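See structure below.
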Amino acid sequence: MDDWLKQLQADIHEAAKDSSDWFATVSQQSAEAVEQWAESAVDTIERVDKEISPALEKLTSNLDTAVDSAIDNTLIFLERDLTPWLEEVSAPVTRTVNPWLQHHPACIGCKHYHGMDYGHAMLVCGMHPYGPEDRSCGDWESVLTQ
């Protein structure tokens, strides 16, 4: 009766050894397959990057140029068209309020009023750089009749 038990143990041991060898082989083959796949993926990614990079650089360069052009055009529009329009539209208010605030009552509402400070001297207007000497000005013209 001892022989069949020894034979069973030997068969179980052999089956365990065979399954262990099989798992080791499958594990090694799996590791090699994953390594090959990873190398292939890296190669593919590098190839795609090499092919896409010039197109992306060109696209970003074109985009930069387009954005710069749009900004330049916007700034030109603001400086050339919008600023003078805003000055013209706001002239009745600024040429009424500023002379009043700067103590030039004869200049209130005059289209010639400048009222800008240059260093320590303010230019009131071209005809009267320091403001008119009288309470009224002979050169006064309404800002509303342009």
Side-chain angles (χ1 to χ4, degrees), residues 1-131 137 139-146:
M1 204 173 294
D2 243 357
D3 288 341
W4 72 267
L5 188 55
K6 286 183 184 180
Q7 184 61 39
L8 181 62
Q9 286 177 338
D11 289 346
I12 290 174
H13 179 70
E14 185 67 28
K17 183 179 178 281
D18 288 346
S19 63
S20 176
D21 290 344
W22 181 80
F23 279 120
T25 302
V26 167
S27 175
Q28 182 181 2
Q29 290 174 349
S30 297
E32 289 172 1
V34 167
E35 186 176 327
Q36 288 175 351
W37 176 83
E39 288 175 4
S40 174
V42 167
D43 291 343
T44 302
I45 289 169
E46 288 175 352
R47 196 171 60 247
V48 167
D49 181 51
K50 185 178 177 183
E51 291 177 11
I52 289 178
S53 289
L56 286 177
E57 288 176 14
K58 184 177 180 182
L59 177 66
T60 57
S61 174
N62 290 345
L63 187 60
D64 286 347
T65 302
V67 168
D68 287 345
S69 176
I71 289 172
D72 289 344
N73 289 338
T74 301
L75 292 175
I76 288 170
F77 167 75
L78 289 174
E79 184 177 335
R80 186 188 65 214
D81 298 330
L82 190 60
T83 301
W85 178 81
L86 285 173
E87 288 174 358
E88 182 181 330
V89 168
S90 66
V93 174
T94 58
R95 292 186 180 165
T96 300
V97 173
N98 287 346
W100 176 71
L101 292 174
Q102 295 169 348
H103 306 294
H104 296 100
C107 301
I108 294 175
C110 180
K111 76 176 189 177
H112 301 297
Y113 181 77
H114 183 66
M116 297 298 292
D117 188 25
Y118 295 96
H120 295 293
M122 186 177 85
L123 175 62
V124 176
C125 75
M127 283 73 76
H128 306 282
Y130 302 105
C137 177
D139 298 309
W140 187 92
E141 292 182 40
S142 176
V143 72
L144 298 175
T145 57
Q146 291 185 3

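For clarity, every value in this text was computed on a predicted model and none was experimentally measured.
- Once rounded to the nearest 0.5 Å, the distance linking CG of Leu56 with CG of Leu63 reads 11.5 Å.
- Closest approach of Val124 and His104 over heavy atoms only: CG2-NE2, 3.6 Å.
- With sequence neighbours excluded, the residues that form a side chain to side chain donor-acceptor pair (under 3.5 Å) with Glu32 are Gln28.
- The environment of Tyr118 atom OH is dense: over 12 non-hydrogen atoms of other residues, nucleotides or ligands sit within 6.0 angstrom.
- Closest heavy-atom contact between Thr83 and Leu78: OG1-O, 2.7 Å.
- Nearest heavy atoms, Lys111 versus Val143: CB-CA, 3.7 Å.
- With sequence neighbours left out, the side chain to side chain contact (heavy atoms under 4.5 Å, CB included) criterion links Ser27 to no other residue.
- Between atom CG of residue Asp49 and atom CD of residue Glu46 there is a gap of 8.0 Å, rounded to the nearest 0.5 Å.
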| Check against side chain to side chain donor-acceptor pair (under 3.5 Å), His128 and Asp139 | CA-CA 9 Å; His128 306 282; Asp139 298 309; 2.9 Å; yes
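- To the nearest 0.5 Å, atom SG of residue Cys125 and atom CE of residue Met116 are 14.5 Å apart.
- With rounding to the nearest 0.5 Å, the separation of CD in Gln9 from CD in Gln7 is 10.5 Å.
- In this structure, the side chain of Ser40 does not engage the main chain of Gln36 through any donor-acceptor pair within 3.5 Å.
- Here the NE2 atom belonging to His13 is positioned 9.5 Å from the CG atom belonging to Asp18, to the nearest 0.5 angstrom.
- Contact detail for Met122 and Tyr113: the closest heavy-atom pair is CE-OH, 4.3 Å.
- Side chain of Ser20 to backbone of Ala16: no donor-acceptor contact under 3.5 angstrom is found.
- Between Arg47 and Asp43, none of the side-chain N atoms (NZ, or NE/NH1/NH2) sits under 4.0 Å from a carboxylate O, so this pair counts as no salt bridge.
- Not one N or O on the side chain of Ser61 forms a donor-acceptor pair closer than 3.5 Å with the backbone of Glu57.
- When every heavy atom of Gly109 is checked against every heavy atom of Trp140, the shortest pair comes out as O-CZ2, 3.6 Å.
- Rounding to the nearest 0.5 angstrom, the gap separating the CG atom in Leu59 from the CG atom in Asp64 is 9.5 Å.
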